[in-house]
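The block underneath contains the structure these notes are about, expressed in C-alpha cells.
Throughout, residue positions are numbered sequentially from 1 according to the sequence presented.
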Amino acid sequence: MIRSNIIIFGYFARFRDLDTFQTRKTIYVLSVSVIILFSFFHHSSLFSPVLNADDAVLVLMIHDFHLPGDIYYWGANRGGTIIPLIGQFFHKIMHLPALTSESLARYLIHVIGFLGLTSLFRSNPIKIVFAVVWFLPPLRMLDVLKVSFAQQYALTGMAICLMSFIQTGSAQKHHLKHHLLLFLIVILFIMSVWVSDLAVVTIFIILFIQLVFDLKKDKTALHYALIRKPGFYYVISGLVAGGFFIFYAKRNAIYVNDYFGFFDMTVITGAFKIFAGTMADLFLFRIKEPFTSLYTYLILIFLLFFLFKKKDIKYTGYQLKWTVVFLLDLAVVFTVIITSKWAYLNGIPRRYFVCNYISFWMVFLLTFESLKKIKYQRILYCLLMGTVMLGGLGTIYNFRYVSPRKLTPAAKTVSEFENLGKIGIIAEYWNSYLSSVTNPAMIKATPNDKSEVRNQRLVDSVFARPEIYVIRDMWMESFPDTLEQFGYVLLKNGDEFRTGGCHVCNYKKIKLNKQFDPGQFRYNGAVKYDDITAGEVMCVSADCDTCKEKHFVYGPYIPIGTGKFTARFYIRASGYTGNNPVALIDVTADYGVTQLAAKTLDHASFSNDGFHYVDLDFETMQRYHNLEFRIYYYCNADLCFSHVKLKER
C-alpha cells in the first residue's frame, strides 16, 4: 500500500522534468490507474471492510432486478438504480457474481465521472490530485464512492465534458455530431435527476450560467439569442421528456414520507448546531480521525494562501465559468441541506455533504490551476498531493487501527453463512441483507418485521426456506424459545453459535395457534360484561338502535403468512327477536378490502344460549399485514363476544 503511493508521489514530483508529451501522458495514465486499482481493492463492495446493509441492497437488486418496480432503490421513491441496471450486463450476460457485478458497475460509473469532470482541468498533475480526491476520499467523505449523490455528479460531469466538446467549435461543423452530442447531454441530465432529485439544482445552475456567458459573447436580444440555438429546443424537449420519465418512475415506486419540507426555523437552527458541532470536533481533534483533522487544517492553509495571492489568480473565461458554476452549486446545495426537514430528521448525515465535497474540490483545483507567476510551484503541487493523500491514507489507517480494526473484506466474513446451505435469515436491518450478499441465490435474508423491510418478496423467500436462522446482534439480548415474525411462529431449535461475525440460532417454523382476547379488538356500542364461564366479554343488545348494521367487533390488524387457517369465534346469542340473521362474521385484510371468508349467523347457528365456537376456514395465498376478524351486527338478538382463536391447519 505505502510503496504504491510513494511511487505515485515520486512521479508527481518529477512531472515537470519530463520532456516528451507521450512520456507525461504515459505516467499520467499509470498514476491514475494505480489510484483506481488501489481504491477498488480497498473500497469496492468486494473488498471493503465496512460494507453495510445499504450497500448490500444494490447487490441484491442486481440479483433480483425487476422493472418498473425497481426503477428506484428498494422501498424508496428516490435514488435511481443505475448501478443495478448496469450490473445486469456483468451479472446476466457475463455471468459474474452479483457482488462482483455491483463493484464493477459502481466503479465504471465513477471512472466515467472522473473522465468527465477532469476534462475541465488542463494539467495532468491537477488531474492526478483530483483522482485521489475522487477515488481515495478522507473517511468523512467515503460516501463519495457509494451514494447516489456521487453518481449524480458522475453523470453530470460527463454531460459537462460533452458541453465543452461542443463549445470547442469542431462539433458544430458537423451537424449530425452536434445534434448527437446535445441528445446525449439531455439523456445524461435526465439520468442524473433520476439518480438524485438534487441534481435539478446543479443542472439549473449549469444551464443558467451557460446562458449568462453566451449572452456576454453575443449582444443579440435575449429571445433571438435563444431561439436560434438548437440547444434551446433540446432543453425544452429534455424538460418535457425528463418530467414524464420522473413522474412515471415515482408512480411506480413504493411511496415513502415526503422529503420536500424546507425553511423551518427550528430545523435550520437545529441543523446549524449539528453542523457547527461536527466542524468544532473536527478542528479540535475531538474525533478518532486525526488524519482528517490535519487534512482539514492543511486545506484551510491553502485557502488562506489563495486569499493572500488573490491578485495572482487569473481565470480564463472557460475556467471562470465553471468555477462560478461549482461555487454556486456549493452554496445552494449547502443551503438546501441545512434547510431541509428530511436531512434534519436524519441527523444531517455526512453523506449529504458529498455534493459539497465534490463542488468544493472542483472550485479549489480550478483556482489552483489559475495561479500565475507563483514561485516554488513544484513544491506547492507536492504539498497539495501530500494533503489529499493524507486524507485518503487516513481512511485506511482508521480501518486498520480504529474501526473496524481490520482490513479483511466484510464480504469474506459474511461468506461463512454459505456453509449453512440454502437458508433464510432474519435479523436487525444492518445485519440482514449483508448476510446474503455473497450468494443471494443460496441465502435469502430480511430484516425483522419491526425493522425497515425494503423488499417484501425477500420475506416470502425467507419463509420458503426449510431452514431459518435468526441473528440477534443489535436486536435481542438472547434468543427466545418462540418468536413471531411476519405472521409466522418460529420455535428455537438448538443452541446459538457464531458465524459470519454474528450470534446465530436455528429456528423451525411451526403452525400458528393463538388466541385474541377482547382487549385486542375495537367495538361499536359494546358493553363490557364479566361472564362466569367465559370471563371478560363484550356484549351488544338488540335494543341498541345505534348498533344496528355496524361492525360490533373488528380487529386486531395482525400480520399473517401464507397457509390454511381456521378462525374460531367464541360467541353467544340469546333473546332472539325473530328468524332473521343475527350477524355476519368474516375475516378480511387490507382494512376490509380483501374478504378471505364470511358466514351469516342466525338462530340455527347457535345450539343453545351458552358460549360456543363458530368456525370460519380461510386460506391466504400471500402475506397480509392487517388481518382482522369482524362481526357485523344485524340487531335481531343479544350478542356477546369472548375471543377468537386462530389455528393453522
Side-chain angles (χ1 to χ4, degrees), residues 45 50-66 69-70 72-79 81 84 98-99 102 146 253-257 345-347 349 351 410-411 413-414 416-417 420 422-465 467-480 482-490 492 496 499-507 509 558-562 622-626:
S45 297
V50 291
L51 183 70
N52 62 40
D54 285 343
D55 305 324
V57 168
L58 293 179
V59 178
L60 301 185
M61 290 190 78
I62 289 176
H63 175 74
D64 185 26
F65 193 63
H66 295 84
D70 291 346
Y72 284 118
Y73 196 80
W74 279 347
N77 63 347
R78 65 194 186 284
T81 51
L99 183 60
E102 188 271 346
K146 297 183 177 184
I254 297 177
Y255 179 77
V256 296
N257 292 330
L345 292 176
N346 282 277
R351 65 179 179 272
T413 301
V414 300
E416 294 175 8
F417 284 106
L420 301 176
K422 291 187 176 181
I423 62 169
I425 292 177
I426 304 172
E428 197 274 339
Y429 177 79
W430 295 106
N431 278 319
S432 56
Y433 298 124
L434 183 61
S435 61
S436 66
V437 74
T438 57
N439 197 334
M442 177 183 292
I443 302 170
K444 303 298 181 182
T446 181
N448 62 69
D449 58 9
K450 297 298 187 292
S451 292
E452 184 177 14
V453 179
R454 292 195 172 276
N455 188 338
Q456 294 294 332
R457 295 193 305 266
L458 283 178
V459 177
D460 296 325
S461 298
V462 167
F463 285 97
R465 292 298 200 203
E467 295 289 332
I468 296 176
Y469 288 84
V470 173
I471 299 174
R472 69 170 173 84
D473 303 64
M474 295 188 287
W475 179 16
M476 302 176 292
E477 292 297 324
S478 61
F479 290 103
T482 60
L483 185 65
E484 291 188 27
Q485 285 290 302
F486 302 98
Y488 297 96
V489 179
L490 301 173
K492 185 178 178 183
E496 69 173 86
T499 191
C502 301
H503 295 88
V504 184
C505 190
N506 180 238
Y507 277 76
K509 186 170 64 173
I558 59 168
I560 192 168
T562 58
Q622 66 181 66
R623 286 184 305 105
Y624 293 102
H625 299 282
N626 42 38

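A distance of 11.0 Å separates CD1 of Ile560 from CG of Asn626, quoted to the nearest 0.5 Å. Taking CD of Gln456 as the reference point, atom CD of Gln622 lies at 10.5 Å (rounded to 0.5 Å). Separating the NE2 atom in His66 from the CE atom in Met61 is a distance of 10.5 Å, to the nearest 0.5 Å. From Cys502, atom SG reaches atom CE of Met474 across 7.0 Å, with rounding to the nearest 0.5 Å. Here the straight-line distance linking atom CD of Glu477 with atom NE2 of His503 works out to 10.5 Å at 0.5 Å rounding. Note that the CG atom of Asn506 and the CD1 atom of Ile423 stand 9.0 Å from one another [nearest 0.5 Å].
Ser432 is not listed as a side-chain neighbour of Thr446, based on a closest heavy-atom distance of 4.5 Å or more. Side-chain atoms of Asp64 and Arg457, non-hydrogen and from C-beta on, do get closer than 4.5 Å to each other. Residues Ile468 and Gln485 have side chains not in contact (no heavy-atom distance under 4.5 Å, counting atoms from C-beta outward). In this structure, Cys505 and Lys492 have side chains that are in contact, with non-hydrogen atoms separated by less than 4.5 Å. Residues Val462 and Phe486 are not in side-chain contact: their nearest non-hydrogen atoms beyond the backbone lie 4.5 Å or more apart.
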>> Walk me through whether Thr562 and Tyr488 qualify under side chain to side chain contact (heavy atoms under 4.5 Å, CB included).
In response: CA-CA 9 Å; Thr562 58; Tyr488 297 96; 3.3 Å; yes
>> Before you tell me yes or no, could you show the steps for Tyr433 and Leu458 under side chain to side chain contact (heavy atoms under 4.5 Å, CB included), namely the whole-Å CA-CA distance, both residues' side-chain angles and the distance that decides it to 0.1 Å?
In response: CA-CA 10 Å; Tyr433 298 124; Leu458 283 178; 3.6 Å; yes
> Run the side chain to side chain contact (heavy atoms under 4.5 Å, CB included) check on Thr499 and Tyr469 step by step: do they pass?
Replying inline: CA-CA 11 Å; Thr499 191; Tyr469 288 84; over 6 Å; no
>> Between Val470 and Met476, is the side chain to side chain contact (heavy atoms under 4.5 Å, CB included) condition met? List the steps.
In response: CA-CA 10 Å; Val470 173; Met476 302 176 292; 3.8 Å; yes
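Ala76 approaches Tyr72 most closely through the heavy-atom pair O-CB, 3.5 Å. Minimum heavy-atom separation, Thr81 to Asp70: OG1-O, 2.7 Å. Nearest heavy-atom pair, Tyr73 versus Asp54, reported as atom, atom and distance to 0.1 Å: OH-O, 2.7 Å. Heavy atoms only, all atoms of each residue included: Pro480 and Ser478 are closest at CD-O, 3.4 Å. Shown here for Ser461 and Lys444, the closest heavy-atom pair between the two residues is CB-CG, 3.7 Å. Taking all atoms of both residues into account, the shortest heavy-atom contact from Asn448 to Glu428 is ND2-CA, 3.6 Å.
Side chain of Arg465 to main chain of Ile425: no donor-acceptor pair is present (N/O by atom type, distance under 3.5 Å, no hydrogens or angles).
For the residue pair Tyr429/Asn52, the side-chain donor-acceptor check at 3.5 Å is not satisfied.
Using the six-membered ring where Trp is involved, Phe479 and Tyr507 have ring planes that are tilted, between 30° and 60° apart.
Shown are Leu434, Asn431, Ile426; of these, the side-chain contact (heavy atoms from CB on, under 4.5 Å) with Ile471 is made only by Asn431.
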